[in-house]
Amino acid sequence: MKAVYQRVTEASVTVEETCIASINSGVLLLVGVCEGDTAEEAALLARKVAELRVFCDENDKMNRSVLDIDGSVLAVSQFTLCANTAKGRRPDFFGAAKPDVAKPLFDRFVELLRENGIKDVQTGEFGADMKVRLLNDGPVTILLDTDTCTRRKP
């Protein structure tokens, strides 16, 4: 699984001119479910999102997690994160999991965020044409990939 983790002061998702989700301080998370992803990877990513320390403490150091600040998460499924851009100028999306696999795994990931202690987890609408607004705080934007989340430097 892949995710773009953005620390935000506010974020929202609109579908067909109706705001379906909005948060204040917390994380806007764009999530790509790729071919071959598993529930174990969803659990790893959920734990990483909950515990990643990118919010500032009283000394202006990034020492607090979204859990520590009692922040919200707005998770938006985005298959385009699984794009292959190796050849040509048009990405292919063959690496993205099919919707019948991706949706249940995304839904499980959202449940796991809650199980990891995040009280306010909101989502976009899977498969919909969404308009996502955000006010990136910092800006702080981090790319997460379960293929590299557990690697250690040699």
Donor-acceptor contact below 3.5 Å, side chain [X] vs main chain [Y]:
X	Y	value
Thr14	Glu17	no
Asn59	Lys61	no
Asp107	Pro104	no
Asp137	Pro139	no
Asp37	Cys34	yes
Thr18	Ile20	no
Thr146	Met1	yes

Margin query: Run Val76 and Thr123 through side chain to side chain contact (heavy atoms under 4.5 Å, CB included) and show every step you take.
Written below: CA-CA 6 Å; Val76 177; Thr123 67; over 6 Å; no

Which heavy atom of [X] sits nearest a heavy atom of [Y], and at what distance?
X	Y	value
Gly124	Val13	CA-CG1, 4.0 Å
Ala46	Asn116	CB-ND2, 3.9 Å
Val140	Asn136	N-OD1, 2.9 Å
Leu105	Ala42	CD1-CB, 4.0 Å
Ala3	Leu29	CB-CD1, 3.9 Å
Glu58	Arg64	OE1-NH2, 2.8 Å

Please answer: with hydrophobic residues joined when any side-chain heavy atoms are less than 4.5 Å apart, are [X] and [Y] in the same cluster?
X	Y	answer
Val121	Leu45	yes
Val101	Phe79	no
Val110	Val33	yes
Leu28	Ile69	no
Leu52	Leu112	no

Would you check if [X] and [Y] make a side-chain contact, meaning some heavy-atom pair closer than 4.5 Å?
X	Y	value
Arg7	Cys56	yes
Asp70	Lys119	yes
Gln122	Ile23	yes
Phe55	Val27	yes
Asp129	Lys131	yes
Thr9	Ser25	no
Leu144	Lys48	yes
Leu143	Val4	yes

The test is side chain to side chain contact (heavy atoms under 4.5 Å, CB included); show your working for Asp120 and Val73 and say whether it passes. CA-CA 6 Å; Asp120 182 23; Val73 172; over 6 Å; no

Q. If you measure from the Lys or Arg side-chain nitrogens to the Asp or Glu carboxylate oxygens, is any gap between Glu115 and Arg108 under 4.0 Å?
A.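 The answer is yes: the pair qualifies as a salt bridge.
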
Would you mind checking if Arg114 and Glu111 are paired as a salt bridge, meaning a charged N to carboxylate O distance below 4.0 Å?
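Salt bridge flag = no for Arg114 with Glu111.
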
From [atom1] ([X]) to [atom2] ([Y]), nearest 0.5 Å:
X	Y	atom1	atom2	answer
Arg133	Leu74	CZ	CG	13.5 Å
Leu135	Gln6	CG	CD	11.0 Å
Glu10	Asn24	CD	CG	7.0 Å
Glu51	Ser65	CD	OG	7.5 Å
Met130	Gln78	CE	CD	7.5 Å
Asn84	Asp92	CG	CG	4.5 Å

Next on the checklist: Counting only heavy atoms from other residues, nucleotides and ligands, does the tally under 6.0 Å from CG of Asp100 exceed 12?
Outcome noted: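 Yes, CG of Asp100 has more than 12 neighbouring heavy atoms, counting only those of other groups under 6.0 Å.
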
* Report the C-alpha separation of Val31 and Tyr5 in whole Å, then their side-chain angles, then the decisive distance to 0.1 Å, and conclude whether the side chain to side chain contact (heavy atoms under 4.5 Å, CB included) test is met. => CA-CA 9 Å; Val31 181; Tyr5 179 112; over 6 Å; no

Q.
Can you tell me how the ring of Phe126 sits relative to the ring of Phe106, calling it parallel under 30°, perpendicular over 60° and tilted otherwise?
A.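 Tilted: the ring planes of Phe126 and Phe106 meet at 30° to 60°.
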
